[in-house]
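Below you'll find the structure, written out as structure tokens, and then a few comments.
Just so we're on the same page: letters track the sequence lines, and every chain starts at 1.
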Amino acid sequence: MFVINCPHCQEAREEEEFHYEGEAFIARPAAPEAETDEAWGDYLFMKKNPKGWHWEMWSHASACRKIFVVKRNTANHTIAGSWTLSEARKAYDKEQSDAEMTKA
Amino acid sequence: MSNLELNLSQFSPVMQSPLYHFGLAAKQEPMNEGKGVWANEIALLSYICLRGDSNNAAFTKAAKKILGETLPTLPCSLIGTPWGNIYWFSPDEWLIVCPREKRAELQHALQAVLVGVHSQVVDNSGGYTSIILQGKHADNVLQHCTVYNLHSLTENKVVGTTFGKSSVFLHRRNDGQNSAYVLIFRRSFADYIWRYLERAATPYGFGISTL
Amino acid sequence: MRINNLRIEHKHSRVDTTKPLNFTFDGKPYIGYQGDTLASALLANNVKVMARSFKYGRPRGIVGAWAEEPNCLVQIDVGAKTTPDLKATQVELYEGLVAGRTSGWPSLTFDLKSVGGHFSRFMPAGFYYKTFKWPAKFWPMYEHIIRQAAGYGTSPIVADSETYDHKHHHADVLVVGGGAAGLLAAQLAGRSGASVILLDDQSEMGGYLLSTPNTTIGGKSAIEWRDSVIAELKSLPNVSLFTRTTAFGLHDMNMIQAVELLQDHLPHSARQAKQRRERMHRIRATKVVLATGAFERPLVFGNNDVPGVMTVSALTTYFNRYGVACGNHALILTSNDGAYQAVVDLAAGGIKVTLADVRDNINPAWEARLEALGITIYTGFGISEVLGSTAVTGARLSKLNPNDPKEAIAQGVKPRVINQIAIECDVIASSGGLSPTVHLFCHDGGRPTWSDESLAFVVSANGRTNAGIYCVGAVTGVFGLQAGLEKTAETTQEMLSSLGKNSKNQAVNLTTDEIAPSPAQAIFHIPTDKKAFVDFQNDVAVTDIQLAVRENFKSIEHIKRYTALGFGTDQGKLSNVNGFAIAAEALGKSIPEVGTTTYRPAYTPVSFGALAGAHVRETFEPRRYSAMQSAHEKRNAEYETVGNWMRPWYFPKNGEDMHAAVNRECLAARNGVAMLDASTLGKIDIQGKDVREFLNRVYSNAWSQLAPGKCRYGLMLNEAGMVMDDGVTACITDTHFLMTTTTGGAANVLNWLEKWHQTEWPELEVYMTSVTDHWATAALVGPKSREVLAKLCSDIDLSKDAFKFMDWRDGTVAGVPARVCRISFSGELAYEINVDASYGNYVWQELLSAGAELDITPYGTETMHVLRAEKGFIIVGQETDGSVTPLDLDMAWAVGMKKPYSFLGKRSLTRSDTARSDRKQLVGLLTDDPTFVLKEGAQLINSANITPPVHMLGHVTSSYYSAFLGRSIAMGFVIDGIKRRDNDNAIFAYADGKAVAVKIVSSVFVDAEGARHNV
Amino acid sequence: MKKDYSIWTLLSQGLKNHVGWQPTWRSPELKSSYDVVIIGAGGHGLATAYYLAKEHGVKNIAVLEKGFLGGGNTARNTTIVRSNYLWDEAAMLYEHSLKLWEGLTEDINYNVMFSQRGVFNLGHTLQDMRDIERRVNANNLNGIDALALNAQDVKDRIPMINISKNTRFPIMGASYQPRAGVARHDAVAWGFARAASNYGVDIIENCEVTAMDIENGQMRGLQTNKGFIKTARVGCVTAGHSSVIAKMAGIKMPIESHPLQAFVSESLKPILDTVVMSNAVHGYVSQSDKGELVIGAGIDHYTSYTQRGSPHIIEHTAAAIIELFPMFSRVRMNRQWGGIVDTTPDACPIISKTKVAGLYFNCGWGTGGFKATPGSGNVFAHTIAHDAPHPLNAAFSLDRFHTGHLIDEHGAAGVAH
């Protein structure tokens, strides 16, 4: 049972105050009509579902009702941090680009 | 929702608070040492929801003009104003609790001053009510009802949290000696919340206090 | 001094022999004393056989002194308070306690299973997988027999009369275990000013100190030391102590579940109705200190399950703590020094003791003390066989490494060679070392490690400090008292400094008078040709483990599952490590290579009631009520739960059944005036300059043109194109709309809208606030509704053209500010009157009075359903099930394919399967017999032939008797149904094993042209 | 092929102190190449190997297991077996499985203790009852036994159950499938392992797949911690870990792995002789042959691979069971645990070819996999052997998530235990 820090209420709270909202940063295609059935199906249903670090959304259901992002390890339930959606986007993009760098 | 005594032929009062059916008014007594927990409904206040971007100067200025105070931007904080308390609910949401008499004036004043500003003013007076909880075992009783860490509920702080399987906004009010808790929650959950509270309080001795 | 044969009075006993207690076990009356457990009292009464074994029906007695007890499960109390499977060792005695056996049929003295027991050689581990297979049809009978033989206690058969609750705590430090180490840790933490919670599962703190009163700490006797620490802890305001409180689960981020027993130890007369039976504490602690101690591990030897065989720690505990001698001549078998103090204590208490030590060389210091007491010691001996059946009468000792007489003779000497000795005794206790109680440490993923030094699976002192979990005392494998306490002080200091605290004036003297131990011997079972049990509760013998390995069950998890080792209600506290060791031997592996099984909550069993807490009966889950509830109660409404809401279903009048009531309500709505409480519909106030665009994106239909003062029906799809909600939304101003949702969908819809706004469209200037609870809504319905409303509303022009269908107006009703919407879910002239819910009941009453002379009729959801079905209106969740598109519902008119933004769900509508024209589509259905009402959920098929498999065309979603039409009507889905409307060939509806012919028609049964609401 | 298990072998071994029993399954050395490799030695994987060997004559098969066989969800579920699903595709698949269950003990010569004690799916609202009626009628027309019962019928069959109207979720009725029941979960894995092993299938425990060798869209082999295996056909049956395996092949899966928790009570004398399930209150319960109440909870909403969930889920389920059976309030939970369930958007499995030739997936069983064990293995074996789906699993392909042809059991089955 987790303790999750709400970046808006700026306090660590019990899991029961929150709702899990699924994988973060699944972007809706800008022009859905231009997508193939396959691409659209991927957007609708396919999930990263990683064993390890996972960027995911939670909403602070019983308090500020804001949706925010948590980086959680699905293999051991440790939490690296939580961010507002906009902060998280930056942190996530940086992580992605860093990963690219190391690959290259 | 049983234990209900309403004579419909001479139907009154015109307004009914969400806990009206428990007939608390008739049960209330002055607090004494005999019971560990005391509660009552603070009935029929007005609740105005105010939404807006606290980083938007146009919004905050306008709001201050009416409220006389700058909207609290510190998370989970509350301030008192001539209108009544203003509770921080989220970075773009506040609840203003004022007496019924002031509702229309406040609502209209805010709406007027916020014309053209990205914001929302909503009267939710029928949708909320408040319970006050005091007595030497008030903390104990709340520990049965909510997962929130009451140690960190300092004065001038309001938190949204769980209450049984529903949720409430909770803050601590200073009544001189005995500090009291105030729970703000939605009308339709009132029956459940009161029953849950009563169940939790029973082992400590539960009384309805005069307000 | 002896009180009776087995009850001993000495100054350390925790039993108050001035307070006798009457109790019964298995129907016989006995006397015990205040402070006894049921086990100690029964032992003092010389009761030996308290149970029969699970598989072979062998007589069993007490083996342990606390939660490790595998055998003596009892049924406590009767009627609504009866509780199965409690361990006699954990039941505190009280006046009038009634205890029953949970095994042995027909009786404890003769158990039918023991007959089968003689064939035990044919019932090894897993034998049932290999048999009971023939003939196949007999299996149910075989299984019935297996089941009848299974089970210990009996479940209560009436509802629990006692109550439970939960309490939530947050603390800097939680110390689990009130033994020597736990007390010291709590003392140091308490002195540092940290908020501290100390839990212990027994009736008083002290742990094993209570069983070893003769040791000293810092010059004080163990008991004095304990008392002084507890006194200090009680004086500290930042420390809370809980006894009878078992931490049974450790979860992520240091959430500990602990159950406190509040009343079970009290006589019924002293139990308070308003008090809970049990309370579950949920403790979130920054730092957890596990001082959970260890259980003594028995040695495994032949017939080691004869009543009277127990662990040395149990024997000592009964003797010192409860003042009970379990026999007059004790044979003690040990592999370590731990047992020696017990020998000394027993001997000093006048018990004849014989000691066998498996080691050839024993600790000289102890040897000297025992010689002084004249105690015989057999070194290098083990017990090969226990003698006796229902009680120990003696044992056969054998040399583990036998002397060879010939050798001796060759050396020219004639020593007396002893390899076998028979000993007479009436109690046997063994010690194979200690098994640390690592359970909690492992619950959230921790693993113990094997220590060759401690000969045990242990956890390291800085347990998992990164997770804030620290371990002190025996659980870390430090078994010496002084060493344990010194390490505890050190670890606690580390823990405190990591909290930014430290413990002032630490001058605690921790020196003890222990004799420095000599090394223990790694031995787990003594060779024997008799049955030697590892797990008593599941009758798992050494040979079963060996068999499992022989059959290739080589993972310890396989061995556990195949033999049931450690699966009992004792969770293998005594048996697991012996089992692992014996498996390792059979596998030819080391113990650490074999490892342990996974430890899972609960550490000890916990009642469902405690888990549920307050969430039972009327507080199981919220019930939500509208502001008009009191009026509905007065009218004796029957209720339907919709989401969390209690909605009136129908209002039976003088003994009407539902159909009579609904017919009456429907006719009132069609011919006169009727009223529905519509307060439960979700209502969301949406404001901002982009509201129209927002609605265009979240609804399938268009919102750009809707003028202020107007309302429009909206259909909401999920991103897969399936209908998820619907409702009427009113345009208040160009930048202010009021959305209504279904009753059940309200919370989801608001969350759905917020999610899209916050994650995908933050640039849209809109704010949303739920006003569901603010508005109370009365739907005034019927040709005479205008007439009724007119009586209470003078400031709105209600005339047909001034206040059109799908308009809304602000005004006052019964003197109360109201928002009136002229919308209709029934097809009749209708007004929805919305007022501040504080006035809801009042306005409802006023409307009833105003309508009285027109016989205004309140109606519920059932009538609402009939009225809307007559009009062919859908109910989301009844016509839809998450697989239905607007086009399937024949609602293409509600899909704005031309809207610039690709609204939610739009793209999915054109997927190859979703775009098929021959999907199941919603149509109306009529039976030939107008009085026959189809079953909702009937399946639609092509012909009357119902021999499976039958191809299904769809199903009936809604079906009612329409009093207005004087016939039954229905709606349902049919493959390609829209094309098949009104063609003559009937299809069939299947339910209750019958197929009934139905015609496919339009789903609008009443007033297709909409004349009725346009008046 | 070794001696069958029977009362006679048991007696003769009993006289010889059971020294003559052979290993239940062989543990051979891993070979360097196989015709078919199955990843995952759970019930489904072992059944797949068994039917590949038995019905399709495939000779050279390996089943790789990263831990011990049958140690995943096979060992962690609440053992319910039923086939009363709503949609034809699901109903036919589960019914195929149920028919195999009915002869399984004899077929694999291992007593899996399949106990057809019936399953009740309770209804608590008017809509529940509509859904039950719809499902029961569909079942009957598909030749599946099913009855719709009212509250009193339920009470008559389960005297302990609370049908009072004053509960938060009053019981209005139930669907009942008499042929449904429970089985001994471990025995299913062990029995299939033994039967497959007897057909020459190599079961390799503690063998973890670390990478896949795929060359222009064709499966070539697997890299494992025990070395490389050359093979052209790989069937993945790894439940909660399917996304992880799929990633090795660069395949996306519509799967999320959630904790599903369950618990057992202490052992009690017989008190409940059937299976009771309720989606509305989120609990289901039966009593095992050992006398324990076996109770399943709803899933945790977050994803996880830890095999543990949050305690409030268990607490809620205990409350739910008390709501149904108020007398169980004093019964005690002995042990709780969690599994990792692979959930799909339509609560239906994926038994499918993939874009990689020779790579097949059998996953997405969510909370309902155990009941399907034999049927799943049977049709998956067919799919692998013919490189084409069996008619019964054609609808359960991956591309349904692109065409939109979902088989949405959520509507009627809710949590499809």
Side-chain angles (χ1 to χ4, degrees), chain A residues 1-6 13-27 29 32-62 67-80 82 99 103, chain D residues 66 208 238-248 250-259 261 298-316 336 338 340-348 350 354-355 363-364 397-406 408:
Chain A
M1 184 179 263
F2 309 145
V3 176
I4 297 170
N5 187 66
C6 171
R13 302 283 188 94
E14 296 291 335
E15 181 185 322
E16 286 138 297
E17 291 187 8
F18 302 89
H19 277 170
Y20 182 69
E21 301 284 350
E23 181 179 329
F25 310 126
I26 299 177
E33 274 60 37
E35 301 288 329
T36 62
D37 277 7
E38 178 162 12
W40 185 252
D42 288 356
Y43 152 70
L44 281 181
F45 298 123
M46 300 304 162
K47 296 287 190 296
K48 289 204 183 81
N49 193 32
K51 182 177 188 175
W53 289 110
H54 188 223
W55 293 81
E56 61 195 18
M57 294 185 288
W58 291 75
S59 69
H60 199 176
S62 60
I67 290 164
F68 60 97
V69 176
V70 172
K71 185 183 175 186
R72 184 178 58 95
N73 191 317
T74 62
N76 59 21
H77 289 181
T78 53
I79 288 178
S82 50
K103 268 201 207 119
Chain D
K66 88 170 170 347
E208 180 167 13
T238 54
H241 280 76
S242 297
S243 303
V244 178
I245 302 288
K247 197 160 175 239
M248 294 179 186
I251 296 171
K252 299 198 204 94
M253 279 287 170
I255 282 181
E256 289 187 302
S257 300
H258 293 273
Q261 301 182 73
I299 68 170
D300 286 77
H301 291 297
Y302 51 77
T303 61
S304 174
Y305 288 81
T306 60
Q307 295 184 330
R308 60 177 194 272
S310 297
H312 61 92
I313 301 288
I314 292 287
E315 291 164 12
H316 174 78
Q336 77 178 66
I340 312 168
V341 295
D342 41 339
T343 59
T344 60
D346 58 357
C348 279
I350 296 161
T354 65
K355 62 184 187 186
C363 58
S397 70
L398 263 169
D399 38 289
R400 73 179 189 269
F401 299 100
H402 297 137
T403 63
H405 195 296
L406 271 56
D408 210 320

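- In this structure the side chain of D:Thr303 reaches within 4.5 angstrom of the side chain of A:Glu56, judged on heavy atoms.
- Contact of D:Ile251 with chain A is not made at all, since no heavy-atom distance falls under 4.5 Å.
- In this structure, the side chains of D:Asp399 and A:Glu38 stay at 4.5 Å or more apart for every pair of heavy atoms.
- With A:Arg72 contributing its side chain and D:Ser304 its backbone, the two residues share no donor-acceptor pair below 3.5 Å.
- Side chains of A:Lys51 and D:His241 form a contact here, defined as non-hydrogen atoms less than 4.5 Å apart.
- Looking at every heavy atom in both residues, A:Met46 comes nearest to D:Pro254 through SD-N, 3.4 Å.
- For A:His54, the part lying near chain D is the side chain, with the backbone staying farther off; criterion is any non-hydrogen pair under 4.5 Å.
- Ranked by heavy-atom pairs under 4.5 Å with chain A, the list D:Ser243, D:Gly240, D:Ala246 is led by D:Ser243.
- Minimum interatomic distance between A:Phe45 and D:Pro345 (heavy atoms only, all atoms of both residues): CD2-CG, 3.4 Å.
- Interface remark: A:Asn76 contributes backbone atoms only to the contact with chain D (heavy atom separation under 4.5 Å).
- Looking at A:Asp42, both its backbone and its side chain come within 4.5 Å of chain D, counting heavy atoms on both sides.
- Note: D:Tyr302 and A:Trp58 have tilted aromatic rings, judged against thresholds of 30 and 60 degrees for the angle between ring planes.
- Between A:Gly41 and D:His402, the shortest heavy-atom distance links the atoms CA-CD2, 3.8 Å.
- Considering only heavy-atom pairs separated by less than 4.5 Å from chain A, the leading option among D:Arg308, D:His312, D:Gln307 is D:His312.
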